[in-house]
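Comments concern the structure below.
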Amino acid sequence: MTSDSDRVNSLMSMLKRRGIIFPAFSIHGGIAGLYDYGPVGGRLLRKVQQQWREHWLSKGNIVEIDSPTITPESVLQASGHVSAFNDHASECNSCNAIFRSDHLVEEFHQNADSLSGPELDSILSENSISCPSCKNVDWANSRPMNLMFGTKIGATRGGRQAYMRPETAQGMFLTFPMIQRHFRNRLPYGAIQVGKGYRNEISPRQGMIRQREFNMAELEYFIDPNVDAHHDLSKWNGINFQLIPDPENGEQKNINMDISTALEQNIVRHPTVAMFMAETYDFLTNIGADPEKIRFRQHESDEMAHYASDCWDLEMHGSYGWVECVGIAHRGCYDLEAHENATNSNELRAWRDFDEPIEVDKEVVSAIGSIVGPAFRQRAGQVTQALAELENIPTSFPFELSLSDGSNVTIDDSMVKVVRVQETIRGEWFLPHVVEPAFGLDRIIWHLLDHGYEMTSKEGEEYLILHLSESVAPYEVVVLPLFEKDGMGQIGKELQTTLLQINGIGVYYDGTRSIGRRYARADEIGVPWAVTIDYESLEDGSVTVRRRDDQSQIRISTDDLIQHLQSGSLASVF
RNA sequence: GCGGACGUGGUCUAGCGGUUAUGACUGUAGGUUCCCAACCUGCAAACCCGGAUUCGAGUUCCGGCGUCCGCACCA
């Protein structure tokens with residue numbers, strides 16, 4: 001057994017023992033890929049979510065929305081998830097290996113992705129494609145692997161097909177009209193959503209890393225592609241980001257540089273992507289991630305979704321190696337356009353004013369409906385359109401007009417009139433581009449736990465400390481009477497009640513067993529501050545505050561304690 | 001999905017056809033203790049689920065579920 005898996009086992013045991021995270025439904029046998037956050041973990045999750053919200057909402061041009069998790073099929077057809085999540089798999093009858101069917105037939109078909117199961121099967125047999133694993137040609141019929149959880153909306157027969165959302169992002173695209181109105185059409189702006197996503201993984205592995213229901217947090221940031229984005233990245237000067245750029249022709253290698261340098265050298269291709277990479281780095285280090293265990297890996301061009309022009313994964317290092325925890329993608333206008341095409345909605349566009357209004361003063365050929373209609377009947381619409389699109393006004397009649405279906409018609413002067421159009425065009429509607437940072441919160445939480453988990457020893461015995469940042473620690477403070485007698489327990493409970501009135505502070509009281517044992521329990525779930533009531537407290541109201549990370553202690557008055565906690569942290573008293 | 005290993009109190013584990021199912025840690029009730037899992041005395045707490053073989057199954061067999069590893073799949 002490697003030390004990494006020892007560490008994972010030890011951490012997992014602790015997480016179960018202390019009510020942080022454990023496999024769900026375990027008394028019913030358990031279900032792979034589903035986890036409970038327990039009494040302590042629930043607070044951890046909430047605090048990480050809250051830090052994430054505040055990080056983005058404090059930018060001022062970002063709002064929060066919340067959408068349903070049940071999503072009608074048409075939405076996911078438009079977004080591409082129904083087909084993308086409907087890949088087929090073929091199994092080799094002789095060695096039982098399984099492969100993506102479309103990958104097997106790639107050489108024999110332009111667009112293998114779009115083929116049906118029977119089509120894939122016939123290409124496999126017609127071309128005698130052999131198994132990459134055992135070289136035999138003996139394929140079972142391909143099966144669809146839909147990774148979305150299906151459901152029906154409506155309890156009666158004929159309910160509408162729907163799926164549990166595989167990502168929260170569609171919510172931001174579909175509420176774009178509302179978001180745009182909120183911001184009064186002034187790009188750039190963004191919207192966030194924190195919530196559950198669902199993927200029916202074939203075989204979830206690696207604990208919390210691949211779950212079937214998971215906590216996501218996504219930001220969609222809408223920008224005008226014609227406006228050069230300028231972000232002040234100087235704040236991050238001097239911080240070396242670990243980058244693994246797309247190798248293009250060579251091999252991938254690690255480089256370390258400022259984010260602004262990476263942008264200047266066009267390693268990061270878009271300034272807004274660079275800004276979000278840096279902001280994401282800040283978010284993670286603020287909640288206690290180890291900066292040495294964060295790197296950015298650029299998608300290779302064949303790995304990148306076809307609509308994305310630049311895409312970086314943020315990877316965190318832990319007991320499972322480097323794991324993707326955040327994806328930051330420039331998605332172009334792909335998503336809004338997809339929904340526009342699917343619905344014919346005109347609400348998904350933003351307005352841009354031209355620098356100078358365009359004065360139009362031109363002559364156009366306008367069809368006279370009462371003549372063109374009877375003359376061309378069902379083709380009248382095409383004729384009208386072709387006339388409106390004419391660039392050169394015909395100088396003589398009759399003339400030949402080409403229609404969009406390739407045919408020609410003869411137009412005489414009774415059918416049209418030439419009119420002069422004078423107008424001022426002040427701007428135009430366009431599809432905004434979007435930059436999307438998408439966070440897998442459970443993966444991030446796992447790495448916070450992993451980075452913070454210290455296995456040390458005290459007096460020859462194993463001793464566990466969870467070095468969680470104060471900003472996400474499930475409890476900020478534990479109140480400990482040295483003994484539960486002579487009134488110390490009473491004072492402790494009163495102090496707990498008082499401290500709980502402070503906004504955002506979680507406090508618990510622990511009065512059982514020896515003081516050292518209670519410190520150990522608090523260290524294990526990462527409580528940064530332990531406040532102890534002793535005999536001196538009975539006399540002068542002072543208490544001792546113990547710092548988790550180095551076990552040092554100082555004595556302060558309860559008034560000071562309250563004041564410091566109100567201003568956010570006890571760190572300043574040390 | 002395939003192949004292999006495994007599944008015993010909250011956690012870690014002993015057990016190899018017949019035991020009152022080991023032990024430790026944790027928890028808890030009390031005692032003791034003036035700040036780091038101390039000590040003493042109690043208490044609570046488990047054989048993943050189903051079927052089969054057997055007089056008798058935690059133990060053997062079959063199936064399911066789950067965990068871990070490899071292959072495959074995947075953000």
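Naming: A, B, ... by sequence-line order, numbering from 1 per chain. Everything quoted here is computed from the prediction, not taken from an experiment.
Residue-level contact check: A/E201 touches the backbone only, with heavy atoms under 4.0 Å from sugar-phosphate atoms and none from bases. If you check every strand for non-hydrogen atoms under 4.0 Å, A/S26 touches nothing. No contact: A/G38 has no heavy atom under 4.0 Å from any strand. A/Q553 comes within contact range of at least one nucleobase, with a heavy-atom separation under 4.0 Å. Heavy atoms of A/E524 sit under 4.0 angstrom from at least one base atom. If you check every strand for non-hydrogen atoms under 4.0 Å, A/F214 touches nothing.
Using C1' as the reference atom, B/U60 and B/U22 are 22 Å apart when rounded to the nearest Å. B/U8 and B/U19: their C1' atoms are spaced 15 Å apart (whole Å). Between B/U28 and B/G7, the two P atoms lie 30 Å apart (nearest whole Å). Distance check on atom P: B/C61 versus B/G17 gives 12 Å, rounded to whole Å. Rounded to the nearest Å, the gap between the P atom of B/G70 and that of B/A14 is 23 Å.
Remark: the A/D534 side chain and the B/C35 base include a donor-acceptor N/O pair separated by less than 3.5 Å. Judged by distance alone, with hydrogens and angles left aside, A/R521 brings no side-chain donor or acceptor close enough to the base of B/G27 to form a pair under 3.5 Å. Side chain A/R546 to base B/C36: a donor-acceptor pair is found below 3.5 Å. Below the 3.5 angstrom threshold, one finds no donor paired with an acceptor across the side chain of A/R517 and the base of B/C35. Checked by distance alone, A/E461 brings no side-chain donor or acceptor within 3.5 Å of a matching partner on the base of B/A37.
Ring geometry for A/F276 versus A/W56: interplanar angle of 30 to 60°, hence tilted. Between A/H55 and A/F283, the two ring planes are perpendicular [angle over 60°; tilted spans 30° to 60°].
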Please walk me through it: do A/W529 and A/F574 pass ring pair (Phe, Tyr, Trp, His ring centres under 6.0 Å)?
CA-CA 11 Å; A/W529 312 111; A/F574 279 81; 5.6 Å; yes
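Dashed line: the shortest gap from a side-chain N or O of A/T532 to OP1 or OP2 of B/C35 is not under 4.0 Å. Checking the phosphate oxygens (OP1, OP2) of B/C12, a side-chain nitrogen or oxygen of A/S13 falls inside 4.0 Å.
Mapping A/A32 and A/R17 onto RNA chain B by nearest heavy atom places A/R17 at the nucleotide closer to the 5' end.
Nucleotide B/C55 forms a Watson-Crick or G-U wobble pair with B/G18, both donor-acceptor distances falling under 3.5 Å. If you check B/G70 for Watson-Crick or wobble pairing at under 3.5 angstrom, you find it paired to B/C2.
Of all nucleotides listed (B/C35, B/G27, B/A37), B/G27 comes nearest to the side chain of A/R513. You'll find that the side chain of A/F483 is closest to B/U33, out of B/A38, B/U33, B/A75. Candidate nucleotides B/G70, B/U33, B/A37 were compared by shortest atom distance to the side chain of A/K485, and B/U33 ranks first.
Here B/C68 presents its C1' atom at 13 Å from CG of A/D6, a figure rounded to the nearest Å.
Geometric assessment of A/R295 against the ring of A/W322 yields a positive cation-pi assignment under the 6.0 Å and 45° thresholds.
In summary, of the residues considered (A/R443, A/K196, A/R199), a side-chain contact (heavy atoms from CB on, under 4.5 Å) with A/F214 occurs for A/R199 alone.
When side chains are defined from C-beta on, A/Y475 counts as touching A/R43, because their heavy atoms get closer than 4.5 Å.
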